Amino acid sequence: EKDGYDWFMRKEIFEQPRAIADSLLGRHDDSGKLQLDEIRMSEDELRDVDKIIITACGTAFYAGLVAKYAIEHWTRIPCEVELAHEFRYRDPILTRDTLVVAISQSGETADTLMAIRHAREQRAKVLAICNTNGSTIPRESDAVIYTHAGPEIGVASTKGFMTQLIACYLLGLYLAQVRGTRFGDEIASVVDELAGLPAKVEQVLGQADQIYALAQDLQDARSVLFLGRHAGFPVALEGALKLKELAYIHAEGFAAGELKHGPIALIEEGLPVFCVVPPPGRDLLHDKMISGMQEVRARGARMIVLAEEGDDAVDDYADVIFRLPKASTLLQPVAAVVPLQLFACELATLMGHDVDQPRNLAKSVTVE
Ligand code: BG6
């Protein structure tokens, strides 16, 4: 059932183009209008929402961090993202007009479940983004958007994360559509970009062999850093989490702008540093990222750069470059996370670890 792959995880990474397509299926029409009536919240209820709190654990939390950038930009509704176990025990401010979005692949994570129970007791509306039909979290929520990743067996989430991103984008666009924000005219073009994502992910998967070669080179690394900005920051966090989970090495993700406020002290000769570079153009993000990379490179780090095709501004600061297909800043995480998943899977394989069942971890953690 692994279809010739050595691990479920690797199979699931390669299933992502299909998982994205399935998660988009039937949710928009050709004109770019979103159809998300399945969430079963009235348009009036959605128009009344004055705050969104996304809550989740692990990889799902990082999907939530990406979602914040997109949802706030598209809807102008204030959006917080909080780890479920922190949210639950801090007396968060919740009203009838707060929409709590719980993201969970399994739908059984106890920390996330306790968070939504608390939210509902405070009369907030709860919407679940979940991959498991009929599981506890969607059953206890007011509304649900199912991701259609198919069963995810590998403990470390890959296609689960990917389809969570898609569901979050759909939610943000749907809210923008229902509420008629000034972003309205652009919805169709984002939907169009979403529809093109499976092919883009396929394109990144085509570079698997180069990523595997890099893993071979970095087998002895004891520590790896990941840098990103904006929507690329959660991608950096996810890249680091995958290495901790699978390769059991120290890995950390940082917002690139935060470097000079501390983490740059960690940089030493030969330290592998992955850089997720935002698409060039539009704003200053890209140039700021490059200047951060310059600082890191100057201190002797080994630079592994993920940058858009044609972005030659990175060339001078890279030891290895993986090219990402053109994307908007908000949607870039979809393609950018793929090399990081492949890298962690391969490195752990080379180190002789059980990739599908890493030590000390469980697929769904049903205790708080
Ligand atoms: C952890 C898993 O325990 O739970 C992670 O090991 C996962 O891979 C996290 O991201 C959250 O799980 P879920 O099912 O709520 O998305």
Side-chain angles (χ1 to χ4, degrees), residues 7-13 15-16 19 23 53-67 81-88 100-119 126-141 144-168 171 226 234-248 251 253 333 337-338 340-345 348 353-368:
W7 303 111
F8 281 106
M9 182 191 179
R10 205 184 307 263
K11 170 173 172 260
E12 289 161 2
I13 293 172
E15 282 171 352
Q16 292 182 114
S23 296
I53 303 180
I54 302 177
T55 191
C57 301
T59 290
F61 172 69
Y62 296 148
L65 290 178
V66 175
V81 193
E82 193 162 19
L83 291 164
H85 32 92
E86 288 297 317
F87 168 81
R88 168 63 188 88
V100 172
V101 178
I103 308 178
S104 174
Q105 189 285 130
S106 64
E108 301 295 347
T109 299
D111 288 315
T112 310
L113 180 59
M114 295 309 152
I116 67 164
R117 284 188 182 156
H118 180 71
V126 174
L127 183 148
I129 291 178
C130 183
N131 194 44
T132 313
N133 246 296
S135 56
T136 312
I137 289 171
R139 272 194 284 116
E140 293 202 14
S141 298
V144 56
I145 301 176
Y146 280 108
T147 51
H148 296 299
E152 190 179 62
I153 311 289
V155 165
S157 183
T158 52
K159 63 177 183 172
F161 174 76
M162 187 60 88
T163 55
Q164 286 159 0
L165 291 179
I166 300 299
C168 290
L171 172 64
F226 295 79
V235 174
L237 295 172
E238 171 64 1
L241 179 63
K242 284 284 157 287
L243 276 195
K244 290 175 214 172
E245 291 178 308
L246 301 171
Y248 318 145
V337 75
V338 175
L340 307 184
Q341 297 169 335
L342 286 167
F343 177 74
C345 179
H353 300 324
D354 184 335
V355 169
D356 285 335
Q357 292 193 297
R359 69 184 185 200
N360 309 341
L361 299 179
K363 183 69 187 156
S364 70
V365 181
T366 52
V367 289
E368 265 190 276

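Indexing begins at 1, ligand by ligand and atom by atom, following the structure's order. Keep in mind the model is a prediction, meaning the values are calculated, not measured. For the single chain, residues carry numbers from 1 onward in sequence order. All values below come from the heavy atoms of this structure, side chains included, with hydrogens, waters and symmetry mates left out.
Here the OG1-CZ distance, from T112 to F61, works out to 11.0 Å after rounding to the nearest 0.5 Å. Note: L246 CG to D354 CG = 9.5 Å, rounded to the nearest 0.5 Å.
Ion pairing of E152 with K159 is absent here, as no side-chain N (NZ or NE/NH1/NH2) approaches a carboxylate O to less than 4.0 Å.
The aromatic rings of H353 and Y248 lie tilted to each other, with the angle between the two planes from 30° to 60°.
In this structure, T109 contributes its side chain and S364 its backbone to no donor-acceptor pair below 3.5 Å.
Scanning for salt bridge (charged side-chain N to carboxylate O under 4.0 Å, His left out) contacts around E12 gives an empty result, with sequence neighbours left out.
Around ligand 1, the residues contributing at least one heavy atom under 4.0 Å from the ligand are C57, G58, T59, A60, S104, Q105, S106, T109, V155, S157, E245, A362, V365.
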